[in-house]
Every structure is written in C-alpha cells, then in structure tokens.
Amino acid sequence: MTTAEAADAGQVLAASSNVLNVIAAFAGGLIVVALLIWAVRLGVRTKEAESPPPRPEEHPRLPETGPVHEEREQRAPNEVPHTVQESERLTPHNLHSAGTKRGDDQTRPRWSPGNSGSFGSGGSGRK
C-alpha cells in the first residue's frame with residue numbers, strides 16, 4: 001500500500017466517521033421529538049380524565065341570613081404555668097391549647113401621632 005492509498009483510506013474513514021456522527025445526532029433528535037410527543041399526549045389524556053369544573057349552580061351560595069361578619073377581639077398572651085417545685089417539669093397536657101387568650105381589655109388600640117409603628121418609613125419616629 002502506497003502513501004497515497006493510505007491517505008485515501010484515511011480520508012474515507014474520516015468521511016464515514018462524520019456521516020456516522022450526523023446520523024447519530026439525527027437519531028438522537030428523533031428520540032427527543034418522540035419523547036416530547038409522548039409527554040404531550042400523556043398530558044392531554046390526564047387532563048381529559050379529570051373531572052369537569054363545577055357548574056354555576058354547584059358553586060357555594062351566601063347563607064339566607066346574609067354574609068357572615070368577622071368578629072374582632074384583642075388577644076393577650078397565654079402565660080406558661082409555673083411549676084410548684086423547680087425539679088418538676090411541664091408536660092404537653094399541662095399547657096393550654098392556644099398561645100393566646102381573650103384579653104381583659106377589649107378597647108381597640110388607637111394610633112397616636114409620632115408613633116406610627118411603620119419600620120423604615122423614613123419618618124422621624126417618636127419625638
């Protein structure tokens with residue numbers, strides 16, 4: 001085999017390698033497209049299997065007495081009970097079920113000038 005024949009054989013191998021790379025890329029693209037089509041069809045089937053949205057007559061209605069009004073109350077922290085002896089420990093059933101209770105003073109706190117409570121508002125705050 002001469003050097004010219006060897007060079008020709010090397011070019012044929014390089015050309016066939018490029019053709020194989022193109023074919024592999026095309027096949028990979030076809031696989032990705034097939035997976036995407038399968039995923040869309042699966043999503044459509046899943047959506048069709050869901051129950052339809054409720055009809056207007058199935059939506060909730062206001063009670064006969066009208067809208068329910070909210071109730072406002074001032075809450076106070078529910079203190080943790082103290083133990084008789086320091087070596088005694090509290091267990092969950094010794095604690096109250098809620099962290100707050102209805103406060104004794106039910107007057108609504110009012111805004112006072114210079115005390116807006118707005119952090120970072122740029123104002124001067126208390127004077």
Side-chain angles (χ1 to χ4, degrees):
M1 188 185 245
T2 64
T3 57
E5 289 175 352
D8 287 338
Q11 288 175 351
V12 170
L13 286 177
S16 65
S17 175
N18 287 340
V19 170
L20 288 176
N21 288 340
V22 169
I23 292 173
F26 185 73
L30 283 178
I31 291 171
V32 169
V33 168
L35 287 174
L36 288 173
I37 291 172
W38 174 81
V40 168
R41 294 181 96 192
L42 179 68
V44 168
R45 272 191 250 129
T46 304
K47 186 73 174 168
E48 288 173 351
E50 291 178 358
S51 60
R55 295 186 307 271
E57 61 270 5
E58 293 175 335
H59 284 275
R61 300 272 182 229
L62 280 176
E64 297 291 329
T65 58
V68 179
H69 299 285
E70 64 182 36
E71 195 174 303
R72 291 182 184 234
E73 66 180 8
Q74 300 300 319
R75 304 290 292 173
N78 207 352
E79 300 295 328
V80 176
H82 295 287
T83 59
V84 177
Q85 297 176 351
E86 198 169 309
S87 62
E88 222 179 307
R89 59 179 209 160
L90 291 173
T91 55
H93 70 272
N94 296 119
L95 301 175
H96 302 287
S97 60
T100 60
K101 62 182 178 181
R102 183 178 168 89
D104 296 330
D105 181 19
Q106 288 296 310
T107 57
R108 209 169 117 207
R110 297 292 179 182
W111 176 80
S112 57
N115 186 15
S116 69
S118 175
F119 176 76
S121 64
S124 59
R126 286 189 184 226
K127 294 181 181 179

What salt bridge (Lys or Arg N to Asp or Glu O under 4.0 Å) pairs are there with at least one residue in residues 97-106, not counting sequence neighbours? E73-R102
Pick one: which of V22, I23, N21 meets side-chain contact (heavy atoms from CB on, under 4.5 Å) with V19? I23
Mind checking side chain to side chain donor-acceptor pair (under 3.5 Å) for E50 and listing every partner two or more places apart, or none if nothing turns up? none
Nearest-0.5 Å distance, CZ of residue R61 to NE2 of residue H59: 8.5 Å
If you count the non-hydrogen atoms of other residues, nucleotides and ligands that lie under 6.0 Å from CD in E57, is the total more than 12? yes
Please find the pair of heavy atoms, one from P67 and one from L62, that lie closest to each other, and give the distance. CA-CD2, 4.1 Å
Minimum heavy-atom distance between A76 and G103, given as atom pair plus value: CB-CA, 3.9 Å
Can any side-chain N or O of E58 pair as donor or acceptor with the backbone N or O of R55 at less than 3.5 Å? yes
Run through the side-chain heavy atoms of Ile, Leu, Val, Met, Phe, Trp and Tyr, join any pair under 4.5 Å, and report what else lands in I31's cluster. L35
